[in-house]
Amino acid sequence: MLETVIKAIDDLLSVIDHYQIKNVNPQVYDLQSLKEILNANNEISLREKLTIYQALFPPHGGLSDIHYWHNDFEIRKQVNELISNSNKIISNYLLDR
């Protein structure tokens, strides 16, 4: 499970960097911190998971608001599916689903 979450974080950070998605700098920092914790195999309490979840997915302006626009529908669809799938994996882990 941890490998899947780490891969989702890597994929999401890669998309944000490659497509220069703006306005998610605090979430990028939190994703990198979460990845370091997971790589160190440190145990995360439920409270810490919820705190990280709230930082990554606030009501407005978080990872759930990331959408990539490109004139080519197929590229736009692939990138947005990758973003959506990564967000889902990360949020499910943080919410113990």
Side-chain angles (χ1 to χ4, degrees):
M1 174 67 174
L2 290 181
E3 295 84 23
T4 306
V5 176
I6 292 170
K7 182 179 179 336
I9 292 170
D10 286 339
D11 290 345
L12 193 54
L13 290 173
S14 175
V15 166
I16 290 170
D17 182 51
H18 180 72
Y19 294 104
Q20 299 174 354
I21 297 173
K22 306 286 187 226
N23 301 324
V24 290
N25 288 337
Q27 287 80 16
V28 168
Y29 174 77
D30 290 334
L31 283 171
Q32 292 168 340
S33 297
L34 177 60
K35 181 181 172 186
E36 288 175 13
I37 292 168
L38 296 176
N39 279 331
N41 288 326
N42 291 337
E43 194 66 29
I44 304 175
S45 71
L46 182 58
R47 180 181 288 285
E48 290 172 323
K49 284 183 177 182
L50 291 176
T51 301
I52 294 169
Y53 177 83
Q54 290 172 342
L56 294 175
F57 300 97
H60 301 288
L63 295 181
S64 56
D65 288 345
I66 296 177
H67 299 288
Y68 177 70
W69 175 261
H70 193 279
N71 288 333
D72 184 332
F73 174 76
E74 287 302 317
I75 292 173
R76 182 174 67 233
K77 180 181 172 190
Q78 289 174 348
V79 172
N80 285 322
E81 282 180 359
L82 179 60
I83 291 169
S84 178
N85 290 340
S86 296
N87 283 343
K88 185 176 182 179
I89 291 168
I90 295 166
S91 66
N92 284 344
Y93 169 73
L94 293 172
L95 295 174
D96 281 335
R97 292 185 186 163

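- Counting heavy atoms of neighbouring residues, nucleotides and ligands inside a 6.0 Å radius, atom CD of Gln20 does not exceed 12 of them.
- Under a hydrophobic-cluster definition in which Ile, Leu, Val, Met, Phe, Trp and Tyr are linked whenever side-chain heavy atoms come within less than 4.5 Å, directly or via other members, Ile37 and Val5 are assigned to the same cluster.
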From CA spacing to verdict: side chain to side chain contact (heavy atoms under 4.5 Å, CB included), Leu94, Leu34: CA-CA 10 Å; Leu94 293 172; Leu34 177 60; 4.3 Å; yes

Atom pairs and distances, side-chain donor-acceptor, residues 55-69, under 3.5 Å, sequence neighbours left out:
residue, atom, partner, partner atom, Å
Asp65, OD2, Gly61, N, 2.5
Trp69, NE1, Asn71, OD1, 3.4

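- Atom CD1 in Ile16 sits 11.0 Å away from atom CG in Asn23 (nearest 0.5 Å).
- Distance NZ/Lys88 to CD1/Ile83: 16.0 Å, rounded to 0.5 Å.
- To the nearest 0.5 Å, atoms CG (Leu50) and CZ (Arg47) are separated by 8.5 Å.
- Ile90 contributes atom CD1, which lies 11.0 Å from atom CD1 of Ile6 (distance to the nearest 0.5 angstrom).
- To the nearest 0.5 Å, the span separating CG on Asn80 from NE2 on His70 amounts to 11.5 Å.
- Under the 4.5 Å side-chain heavy-atom criterion for ILVMFWY residues, a single connected hydrophobic cluster contains both Ile89 and Leu95.
- Under a hydrophobic clustering in which Ile, Leu, Val, Met, Phe, Trp and Tyr are joined whenever their side-chain heavy atoms come within less than 4.5 Å, directly or via other members, Leu82 and Phe73 fall into different clusters.
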Derivation and outcome, side chain to side chain contact (heavy atoms under 4.5 Å, CB included), residues Asp17 and Val28: CA-CA 10 Å; Asp17 182 51; Val28 168; over 6 Å; no

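- Rounding to the nearest 0.5 angstrom, the gap separating the CD atom in Gln27 from the CG atom in Asn87 is 10.0 Å.
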Distance-only donor-acceptor hits, side chain of residues 8-15, under 3.5 Å, sequence neighbours excluded:
residue, atom, partner, partner atom, Å
Asp10, OD1, Lys35, NZ, 2.5
Asp11, OD1, Lys7, NZ, 3.4
Asp11, OD2, Lys7, NZ, 2.9

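- Follow the hydrophobic side-chain contacts under 4.5 Å out from Ile75 and you reach Ile21 in the same cluster.
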